[in-house]
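Reading through the structure tokens given below for one structure.
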Amino acid sequence: MDVKALLRDHPDWLAHLESLGGFDLAFPDDLPSELLRLAVPHEDVNAVLAARPQPGTPQWWLAERCAHSLVSTMGSLDDAPPFRPLPELGPYFYVYVYLAALPHTRRYHRELGVPEEVSWATFADLGRNMAVHRKRHGAGGLHAPQWFMLHARGLLFDLGRLQFNRSRLGRRTGAAVRAAGLPVGPGDPAVGVHIPDFHGPLTPEACDASFARARTFFPRHFPQERHHVMACASWLLDDQLARYLPADSNIVSFQRRFHLLHRLDDADTLGFVFGAHAADPAGLPRRTRLERAVGDHLAAGGTWHGRVGWLPF
């Protein structure tokens, strides 16, 4: 396999990887136990073990450099070149990249004084996103492999029902927050808010607890940064949901916490949320009230965008 040929459509990423050089790839001695600790679904464990890259292969060359990229940008708010989907390498290639980076991320967490339970709850998102992939596509794999880069680079933390990451305000969001009277604008530090799947109901009480933890966590472990705002970009913030859900539903209650801003590009929303089902919007699953709301909205000719919202830190 010619890995560099696979990357020809991503010349900037290839140039970045080639500039890094090699990296000492090391995987856990008891790999099955480590995978289970990371919440990797049991039905994926054997397949992951069988997909282990071997030294001297093109997959090893690429895994070295991807892991090096993660470690070299540990803790940095500057964006690292995102990982690209490379189905030719199999569904579990990036699992091994993250396994190789994990000891470095754990060391970084310890240096920051992050509690062990927060670290492992954060790392378990690797297995959770494999479960999300199976739920949405009916097969093994890692959902949105570039997403776990935030975890591996020490930027994102699981703090109860919600996840939070160090970030910077974008141009539009920063301008809106500044216009609202906060002393920040585009490019200033902010805390991103994320809503993981398979993490229980999005109750107001659970969210209150997570926001309270975040407001303590970041000043304690990142005292050099002063945060004034949290921002969330999610399909669950699309206020069209309020037409279909009860006023006291968890999702509508969550939306009310935020000052809603611009809509998101809807090009990838359905694929992100529904996976293989998105190819036929008329056949979207309607197992939950939320899925029925989205399905009914699309059946009526509507579109789905998601929204960006912010709230004070």
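Just so you know, these numbers come straight off a predicted model, no measurement behind them.
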*asked:* Looking at D9 and R84, is there a salt bridge between them, counting it only when a charged N and a carboxylate O are closer than 4.0 Å?
replied: no

*Is T173 reaching over with its side chain to a backbone N or O of L169, donor-acceptor style, under 3.5 angstrom?*
no

*Out of curiosity, does L77 fall in the hydrophobic cluster containing L156 (side-chain heavy atoms, cut-off under 4.5 Å, transitive links)?*
yes

*If only atom types and distance count, is the side chain of H199 paired as donor or acceptor with the main-chain N or O of R161 below 3.5 Å?*
no

*Evaluate the side chain to side chain contact (heavy atoms under 4.5 Å, CB included) criterion for residues L6 and L62: first the C-alpha distance (whole Å), next the side-chain angles of each, then the deciding distance (0.1 Å), finally the verdict.*
CA-CA 11 Å; L6 293 179; L62 183 58; over 6 Å; no

*Hey, are Q163 and D125 close enough side-chain-wise for a donor-acceptor pair under 3.5 Å?*
yes

_Can you list everything that forms a salt bridge (charged side-chain N to carboxylate O under 4.0 Å, His left out) with R134? Sequence neighbours excluded, please._
E43, D44

*Below 4.0 angstrom, N of the basic side chain to O of the carboxylate: do R263 and D239 qualify?*
yes

*OH-CE distance between Y92 and M130, expressed to the nearest 0.5 angstrom*: 5.5 Å

*Sequence neighbours left out, what passes side chain to side chain contact (heavy atoms under 4.5 Å, CB included) with R215? Give chain and number order.*
F211, M230, L311, F313

_Below 30° counts as parallel, above 60° as perpendicular, anything between as tilted: where do the rings of H104 and F23 land?_
tilted

*Applying side chain to side chain contact (heavy atoms under 4.5 Å, CB included), run through F254 and L237 and close with a yes or a no.*
CA-CA 8 Å; F254 184 79; L237 287 186; 4.1 Å; yes

*N/O donor-acceptor pair under 3.5 Å between D188 side chain and G185 backbone*: yes

_Measuring from atom CZ of R213 to atom OG1 of T216, what distance do you get when rounded to the nearest 0.5 angstrom?_
9.5 Å

_Common cluster, L70/L112, ILVMFWY with side-chain heavy-atom separation under 4.5 Å_ = no

*Parallel under 30°, tilted from 30 to 60°, perpendicular over 60°: which one fits the rings of F27 and W60?*
perpendicular

*Does L162 belong to the same Ile/Leu/Val/Met/Phe/Trp/Tyr cluster as F217, with side-chain heavy atoms less than 4.5 Å apart forming each link?*
yes

*side chain to side chain contact (heavy atoms under 4.5 Å, CB included) against H228, all qualifying residues, sequence neighbours excluded*: L182, P183, V184, R226

*Donor-acceptor contact below 3.5 Å, side chain D2 vs main chain A5*: yes

_Are F83 and Y94 an aromatic pair, judged by ring center distance below 6.0 Å?_
yes

*asked:* Are I251 and Q255 packed together at the side-chain level, in the sense that at least one heavy-atom pair is separated by less than 4.5 angstrom?
replied: yes

_Using a 3.5 Å distance criterion without hydrogens, assess whether the side chain of S210 forms a donor-acceptor pair with backbone atoms of L159._
yes

*With no hydrogens and no angle check, is any side-chain donor or acceptor of T57 less than 3.5 Å from a backbone partner on P53?*
no

_Please evaluate residues S167 and V191 with respect to the criterion side chain to side chain contact (heavy atoms under 4.5 Å, CB included), reporting the C-alpha separation (whole Å), side-chain torsions for both, the decisive distance (0.1 Å), and the verdict._
CA-CA 6 Å; S167 64; V191 171; 5.9 Å; no

*Could you name each residue pair satisfying salt bridge (Lys or Arg N to Asp or Glu O under 4.0 Å) that touches residues 52-80, not counting sequence neighbours?*
D78-R168

_Donor-acceptor pair, distance only, cut-off 3.5 Å: does the side chain of S253 make one with the backbone of S249?_
yes

_Least distance between heavy atoms, A214 atom then P219 atom_ = O-CD, 4.0 Å

*Between H151 and W147, what is the ring plane arrangement, given parallel below 30°, perpendicular above 60°, and tilted in between?*
perpendicular

_Quick check against the 3.5 Å criterion: does R307 have a side-chain atom that pairs as donor or acceptor with the backbone of S234?_
no

*Would you kindly confirm whether F222 and L155 end up in one hydrophobic cluster when ILVMFWY residues are joined by side chain heavy atoms under 4.5 Å apart?*
no

_Parallel, tilted or perpendicular, as decided by the 30° and 60° cut-offs, for the rings of F148 and Y98_ = perpendicular

*Apply side-chain hydrogen bond (donor to acceptor under 3.5 Å, both in side chains) to R136 and H143, showing your working.*
CA-CA 9 Å; R136 297 182 182 175; H143 180 64; 3.1 Å; yes

_So, using salt bridge (charged side-chain N to carboxylate O under 4.0 Å, His left out) as the criterion, who are the partners of E225 when residues are at least two apart?_
R166

*What distance separates D238 CG from L260 CG, expressed to the nearest 0.5 Å?*
9.0 Å

*asked:* What verdict does the side chain to side chain contact (heavy atoms under 4.5 Å, CB included) test give for L202 and C207, after you've listed the backbone C-alpha separation in whole Å, the side-chain angles of each residue and the deciding distance to 0.1 Å?
replied: CA-CA 7 Å; L202 194 68; C207 293; 3.7 Å; yes

_Using 0.5 Å steps for rounding, measure from the CG atom of L86 to the CD atom of E88._
6.5 Å

*side chain to side chain contact (heavy atoms under 4.5 Å, CB included) partners of P201, counting only residues at least two apart*: T203, N250

*Considering all heavy atoms, the nearest V114-S119 contact*: CG1-OG, 3.8 Å

_Spacing of NE2 belonging to H194 relative to CG belonging to N165, to within rounding of 0.5 Å_ = 3.5 Å

*Please walk me through it: do T73 and R153 pass side-chain hydrogen bond (donor to acceptor under 3.5 Å, both in side chains)?*
CA-CA 6 Å; T73 57; R153 296 175 58 227; 2.8 Å; yes

*H133 and H137 aromatic ring geometry - parallel, tilted or perpendicular at 30°/60° bounds*: tilted

*asked:* For residues V3 and V95: do they belong to one hydrophobic cluster (side chain heavy atoms under 4.5 Å, members Ile, Leu, Val, Met, Phe, Trp, Tyr)?
replied: yes

*Any donor and acceptor pair, going by atom type alone, linking the side chain of D158 with main-chain N or O of T122 inside 3.5 Å?*
no

*Could you point out which residue of L89, L25, V48 forms a side chain to side chain contact (heavy atoms under 4.5 Å, CB included) with Y96?*
V48

*Taking the inter-plane angle between the rings of F123 and H109 on a 0 to 90° scale, is it parallel (under 30°), tilted (30 to 60°) or perpendicular (over 60°)?*
parallel

